[in-house]
> 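I'd like to ask you about the structure that follows.
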Amino acid sequence: MITLTELKCLADAQSSYHILKPWWDVFWYYITLIMLLVAVLAGALQLTQSRVLCCLPCKVEFDNHCAVPWDILKASVNMSSHPRMPLPLPLRIQNDLHRQQYSYIDAVCYEKQLHWFAKFFPYLVLLHTLIFAACSNFWLHYPSTSSRLEHFVAILHKCFDSPWTTRALSETVAEQSVRPRKLSKSKTLHSSSGCSAEVDSSKQSLPYPQPGLESAGIESPTSSVLDKKEGEQAKAIFEKVKRFRMHVEQKDIIYRVYLKQIIVKVILFVLIITYVPYFLTYITLEIDCSIDVQAFTGYKRYQCVYSLAEIFKVLASFYVILVILYGLTSSYSLWWMLRSSLKQYSFEALREKSNYSDIPDVRN
Amino acid sequence: MITLTELKCLADAQSSYHILKPWWDVFWYYITLIMLLVAVLAGALQLTQSRVLCCLPCKVEFDNHCAVPWDILKASVNMSSHPRMPLPLPLRIQNDLHRQQYSYIDAVCYEKQLHWFAKFFPYLVLLHTLIFAACSNFWLHYPSTSSRLEHFVAILHKCFDSPWTTRALSETVAEQSVRPRKLSKSKTLHSSSGCSAEVDSSKQSLPYPQPGLESAGIESPTSSVLDKKEGEQAKAIFEKVKRFRMHVEQKDIIYRVYLKQIIVKVILFVLIITYVPYFLTYITLEIDCSIDVQAFTGYKRYQCVYSLAEIFKVLASFYVILVILYGLTSSYSLWWMLRSSLKQYSFEALREKSNYSDIPDVRN
Amino acid sequence: MITLTELKCLADAQSSYHILKPWWDVFWYYITLIMLLVAVLAGALQLTQSRVLCCLPCKVEFDNHCAVPWDILKASVNMSSHPRMPLPLPLRIQNDLHRQQYSYIDAVCYEKQLHWFAKFFPYLVLLHTLIFAACSNFWLHYPSTSSRLEHFVAILHKCFDSPWTTRALSETVAEQSVRPRKLSKSKTLHSSSGCSAEVDSSKQSLPYPQPGLESAGIESPTSSVLDKKEGEQAKAIFEKVKRFRMHVEQKDIIYRVYLKQIIVKVILFVLIITYVPYFLTYITLEIDCSIDVQAFTGYKRYQCVYSLAEIFKVLASFYVILVILYGLTSSYSLWWMLRSSLKQYSFEALREKSNYSDIPDVRN
């Protein structure tokens, strides 16, 4: 059977990408997990409940609803103005149907009269959640974005390990790990000196006091202590970063993919918010079931109880709350992406503070 | 289906953060696990019990409660002062209802007459526990705190590995692993010499006999045995720690996030303590059920037995005890955080004991 | 039971090959997972439902369909023009069969009258999905291709690590990680200088502005900084690449295998699209069952309800949509492979830009 863990792996991404995720991605991940919990719970309830629908025939129909037989009898007795006759009360109602006949009625009423939303609610929640999860992780799996991101993460790790960028890193690492997403999205691997320029893009929106970026590239005095081999490696990283920056900046594919997946999420959010509360009213405890099985049971009209109605209503309401939370966050992140011009960035603030005025023009 | 393991991963944090946790965080983690156990147990009981509610019709109603038919008969006989007639005793009561009719009654009574608290108890416990767990781990997942913590842990590990801080570390590691939380919370990476100054903040509350802190930075004689490359690395770590300290101290976001999540926990604790014991009285074994199904069964009033009543009462009481333990610990940690001014720290005690009087002013 | 996780590992490939996969392979992988989800869900439904088929005997047959007994009685009464006689209504229909007899009927009708497609639907989905998954991963498991690919990946990793190709790599790595599939498929390990020439093949379709390829092989000035041992290693890699290229280019087995597995997929896609929607109409809720068990039950004709009909119809439709998505992508990738002549490649563009005009003719 299907467990939460198995579904989770569909929603999960590699842990190496966690530094690329802003807070709303973390938030979405947890909401997705709880949505999966709701889906699995609803599915388990539907599968394990042996008698989801329980129907009883309508012995006497009166004024389009099921009536108590002796009430009608009494009424007719009263109308005919006969002298009062004592009626034995309470009378039991016996349908004299076999269990197989009841099962038949239950099955037919379930298929024909139960609203589709009440039937497929667990599957719908599962489907929505998988779409949400797929949207969240699309940019980590779609090759032309994932390769760039992977490359970015690899370079980042190499920069961390490289000895000659240690000083530069010590300045940038704090900011870097806070909002690396912006970097990757805004394609701002400026390659000025190893990785130090990445600070820049995040500077726009974050009021971090920039420590003077002594972006000590190969020109810096610290590099003098490095031996020849390390110098080569440093050059290699430098080259890599430069190439990567050019490669990434030419196309804003990561930005566009991320934007698109947020737009899909917002659309799905609006869709769910529109139709789930509407159909929620169709999940009712009591179901009036008129089916043509008179040839097999003798009765035409049945009254059924849908035992999952209440719990499904509660779960659906809870699910709608989760979707609203998800959708509001998506809308916020969409607004954030459209408002802040992630593609432009300037080195002015950096130039003023640092001693190196030629950072963006640095060449090997 | 949903198992404890799957839910645990929702409550669990990465093991790398375990050094950041004070004793109450560890305590909370284990209470959370037991709460999840209660939730899963209650849920499993509700799912697997095929006949949670078992109802029987009331044949004779007398004085608003179900009476034994022949008792009434006897009473009327007595009242009419007839000569005594021997009544055949005991008489069995036959309802002549089909199993399907009983199932129908059970389902309707369960949905309409069983108190919502008795119905949704497992889900409520699960929801509470997930909120508690989310609160506990929020600061480890919220990007702007988690990145700082991750960075702190990474530096800490680098300090451990670095050869020139070994001596200094050997003195600090004892204190460090006891209360590292305070450090990160109070942002006291003082960078005096790699990691040695971290002792300081924990000294305020812990009466550890301070070993004279020979915070052997680059100036210390121990560094003379290090070759050039290691010296560079040492400088790099030193730089990193300095930058990290500045970066972290400017904003007390970790402190505020941790404080907020404790406040949320205390509020939730008060809420649960208020409403769960109140609704606990609504979980009763015997349920009086008057439903309008006379048209299908002939009877109007039923008496039901809720077979999960007792076990749910026991589980709920146990849960309340767990919540009280959790809440008291939360209140204590809140009091601890508000009482001890974690943001101020002095090096006076250190200065007196150590030979290095310039620790807080140390610069590279 | 069979869980999703267990099936997933059948569809999954080693993660080391993920750089060989173009976007459609990633897309296929996720569609395969969802198909497996459908198969497992359908299988679980069929296994856990205790009463899949529920049959009732036909008491009175009239005009080749089951009729209500008293309707026929009334009709005959009307036809004989007798005075109206009040008929007691509603009459219940009692079959007076035992539960065992019903079970017997259910079992026989399930085996003999239920359409095979409705019976074996979960197994068919599972089988299709496994064939799709096997086709996707065949070239990664078939020895004469997998060994070449493994070798290619190993050389690629060695090139990444090698110090003297770092500069060359810095130029190619960006393009390389975007579309490495093309390389391996088109067998373009040109061995001109380590790995730099791989850019070429991807240049055909990608409009990347080629950075001047200073394909600094052993002849380049950067190699002067390398000591003797590294030079040896470089030579070794160079030799390896050359041999590998010759070995691969002699036979285009990878290309042919990949093409064949795409063709198999397209054929399977057409097959499924043809027969599943056709047989979908055979999954009906109500099944007319005429079996020769009169000797044991007294009745000859039965009416059955197949309780999984609707959910199977929904799942099958969803499955068909998934297969259409899969098939369209397969057709696209087939078209892409046949259109772009992956076996020819020219170095003209490269020659013009780079200083090295002898790249394709390079010899050690």
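All figures in this text were calculated on a predicted structure; none of them were measured in a lab. Letters go in sequence order (proteins before strands), and every chain restarts at 1.
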> Is the A:F121 ring parallel, tilted or perpendicular to the A:F312 ring (thresholds 30°, 60°)?
tilted
> Considering only heavy atoms, which portion of C:D106 lies under 4.5 Å from any heavy atom of chain A: side chain, backbone, both, or neither?
side chain
> Relative to chain A, which segment of C:F318 carries a heavy atom at a distance below 4.5 Å: side chain, backbone, both, or neither?
side chain
> Strictly by modelled atom types, are A:Y302 and A:T297 linked by a side-chain donor-acceptor pair under 3.5 Å?
yes
> For the NZ atom on C:K59, are there more than 12 heavy atoms of other groups (residues, nucleotides or ligands in this structure) within a distance under 6.0 Å?
yes
> Can you name the salt bridge (Lys or Arg N to Asp or Glu O under 4.0 Å) partners of A:E111, sequence neighbours left out?
none
> Would you mind telling me which of A:Q101, A:K300, A:K119, A:R99 has the largest number of heavy-atom pairs within less than 4.5 Å of chain C?
A:Q101
> At a 4.5 Å cut-off on heavy atoms, which part of C:L97 comes close to chain A: side chain, backbone, both, or neither?
backbone
> Would you please classify the geometry between the A:F279 ring and the A:F117 ring as parallel, tilted or perpendicular, with 30° and 60° separating the classes?
parallel
> Which atoms of C:V314 are under 4.5 Å from chain A, going by heavy atoms: the side chain, the backbone, both sets, or neither?
side chain
> With a 4.5 angstrom heavy-atom cut-off, could you sort out which part of A:K112 is near chain C: side chain, backbone, both or neither?
side chain
